Amino acid sequence: MDNNKKKQQQEAPAELTSGLVAGAFVILFASILVSLLFGPVSIRPDRIFLEVLSRFPGISIDSGLSTIQEAIVWDVRLPRIVLGLIVGGLLAVAGASYQGVFRNPLADPYLLGVAAGAGLGATIAIVSGATNGEGIFDALPIAAFLGSAIAVAITLAVGGAVGRSTSTASLLLAGVAVASLFTAIQTYIQQRESATLRQVYSWILGRLSTSGWDEVIMILPYAAISLIVMFSMKGALDVLAVGEEEALSLGIRPRRVRWIVIGAASLAAASAVAVSGLIAFVGIIVPHAVRLVVGASNRLVVPLSFFIGASFLILTDLLARTLQSPAELPIGVVTAFFGAPFFLFVLRRRSDGII
Amino acid sequence: MSSETKQQTRPDMIACENVDKWFGDFQALKGVTATIAEQEVVVVLGPSGSGKSTWIRCINRLEAHQRGTIVVDGVELTNDVRNIEKIRSEVGMVFQQFNLFPHLTVLDNVTLAPKWVRKMPKADAEIKAKELLNMVGIPEQASKLPSQLSGGQQQRVAIARALAMEPKIMLFDEPTSALDPEMIKEVLDVMKDLALGGMTMMVVTHEMGFAREVADRIIFMESGEIVEVGTPEHFFTDPTEDRTKLFLSQIL
Ligand SMILES: Nc1ncnc2c1ncn2[C@@H]1O[C@H](COP(=O)(O)OP(=O)(O)OP(=O)(O)O)[C@@H](O)[C@H]1O
Ligand SMILES: [Mg+2]
């Protein structure tokens, strides 16, 4: 009897069940739909709903939307939603992966210098006037991406060289040092060019503004590559979770797994940052929320984080663009507003042995 | 068959010569020289901190030694990654803390390394895993999660997991020290079966009954040195060294 009860409590799904996947899809789909229906320009939601329906194959109804309204739905709201989906998914999966690699539930996708590097790159692009805010050839995302790539590369080179042992601590310390250095340089440049302060600041707070589909197209290849790699390594992370020595003694090479995951997660974070600025907390709170529901197995946490991260960012962006419309709140402010309290809640739970 | 014959007639599986190992300034192994023959079972005894774990961990390169040579199954352990990989795939290790993969079922724990490292097809790996679980006496637990098993059962899964890689040598570092006394015997029985089946084994343990009954030879270490080597009979009835006598008087 007693034994049975114990069994039920501890039986957590070890594999992705179709129920979980279906649930994740429903949440994501609902978030997309809600974000399509509402926005700063008020268009009757029932009409948008009909408009969405009319796009399904085999259904022809007249939604009654004007051409401009149709354009708002399909060319303004939808690309922004898709960008939120990609960025939110990337940040959450990168966060889950970093947390798996470092076996530290508070690891963050910006950990190894991604944020500071992107900040410096973006600041340079802004103060030098290289950015024109125009789509795919704009210098800003490229500079941000390069900045984070360089920062992470330095972190890995320094931390990896120092850390000849199996420890990840030197990598984390190198990340902290590199981030401080890049932030210092960024602050210095920004102080000298105070006229652009506002622009830099708004970039740092993060935003999902789009010019049509350009950003989506830009980020898509990097997103695809990094997600495929991170998804395929999720089982390996579970192996690392137990301990280095067990893995080694079985002939599994934890180091290689770690490098691959760190590389992919950094690519994901850097490409997300490049198009959307520094959106805080998604990479920490989403994997945690998922863990609270399905347990700690990375084979569940990593893929589900994608759906929940995507949904979370789509919905926070809806808040960011409607709460104070016509003004937009920086999305980073909204994620932090919800993220920080949740984070504190998680910290408290930690002492209860949840994580 | 007495141990001398095994050692004399069979080729060396493990050969350590003048192995030195430092942790910073502290020398944990001092000129350790010993051989272990194919199919031989050697129990390593010694007080806490004497370097037993360090030595056993050097043999599958979880620690690197700094001087001397360690040859395992004809391959010398150097910094050459290929050698290390070859050795690790031939040497199974069971730790005191039986860290099973908590999110994997017992069966998946056992099949994981064969599937990943040996690229064994899933079906084959599972057939093999079930045989091993049968061998360690828990065929009915295959679909459970580790947390649903007792400590003794978990340690038996850990043994099956190591055996799934078909090692030629099994290293055990205090495999029963973390167990409830009631569960020690079931694990020792599995190890005994393994020894009878001809596995080459190096076992660090405080279980004197096991040492007496199963070991071909006993190696006694203290302060990073091998003090005395001999058959269980010699060791328990007629030890030569004073340090051995003192150790035995403390534990027996
Ligand atoms: N990673 C390490 N760094 C520094 N010193 C170490 C390290 N590992 C072991 N030592 C030291 O080396 C000595 C031998 O340790 P070892 O763990 O091999 O002893 P042991 O014989 O296995 O002891 P026990 O019976 O307690 O397990 C000890 O003094 C220990 O403090
Ligand atoms: Mg020890």
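Protein chains get the first letters and strands the later ones, always in sequence-line order, with residue 1 at the start of each. Because the structure is a prediction, the values reported are computed rather than measured.
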Take atom NZ of B:Lys192 as the centre, draw a 6.0 Å sphere, and report whether it contains more than 12 heavy atoms from other residues, nucleotides or ligands.
-> no
Check each atom of B:Leu171 against the heavy atoms of chain A and say whether the ones under 4.5 Å are side chain, backbone, both or neither.
-> neither
What pair of heavy atoms forms the shortest contact from B:Asn99 to A:Glu246, and how long is it?
-> ND2-OE2, 2.9 Å
Got A:Arg299 and B:Leu104 here, is their nearest side-chain heavy-atom distance under 4.5 Å?
-> yes
If we only count heavy atoms from C-beta on, is the A:Arg253 to B:Glu85 side-chain gap below 4.5 Å?
-> yes
Partners meeting side chain to side chain donor-acceptor pair (under 3.5 Å) with B:Asp73 (sequence neighbours left out) | B:Lys168
Per-residue tally against chain A (heavy atom, under 4.5 Å) across B:Val94, B:Leu62, B:Ile84 peaks at B:Leu62
Let me know if B:Val91 has heavy atoms under 4.5 Å from chain A in its side chain, its backbone, both or neither.
-> backbone
Spacing of B:Arg161 atom CZ and A:Ser249 atom OG [to the nearest 0.5 Å] = 6.5 Å
Determine whether A:Leu250 and B:Val117 make a side-chain contact, defined as any pair of heavy atoms from C-beta on separated by less than 4.5 Å.
-> no
By a 4.5 Å heavy-atom criterion (distance strictly below it), what part of B:Phe101 contacts chain A: side chain, backbone, both, or neither?
-> both
Contact origin within B:Arg61 toward chain A - heavy atom pairs under 4.5 Å | neither
Got more than 12 heavy atoms from elsewhere within 6.0 Å of CD, B:Glu182?
-> no
Between the CG atom in B:Leu145 and the OG atom in A:Ser297, the distance rounded to the nearest 0.5 Å is 10.0 Å
Given that the side chain runs from C-beta out, which part of A:Ala247 has a heavy atom under 4.5 Å from chain B: side chain, backbone, both or neither?
-> neither
Does NZ in B:Lys30 sit with more than 12 non-hydrogen atoms of other residues, nucleotides or ligands closer than 6.0 Å?
-> yes
Crowding at OH, A:Tyr222 (>12 non-hydrogen neighbours, <6.0 Å) | no
Part of B:Asn60 lying under 4.5 Å from any heavy atom of chain A = side chain
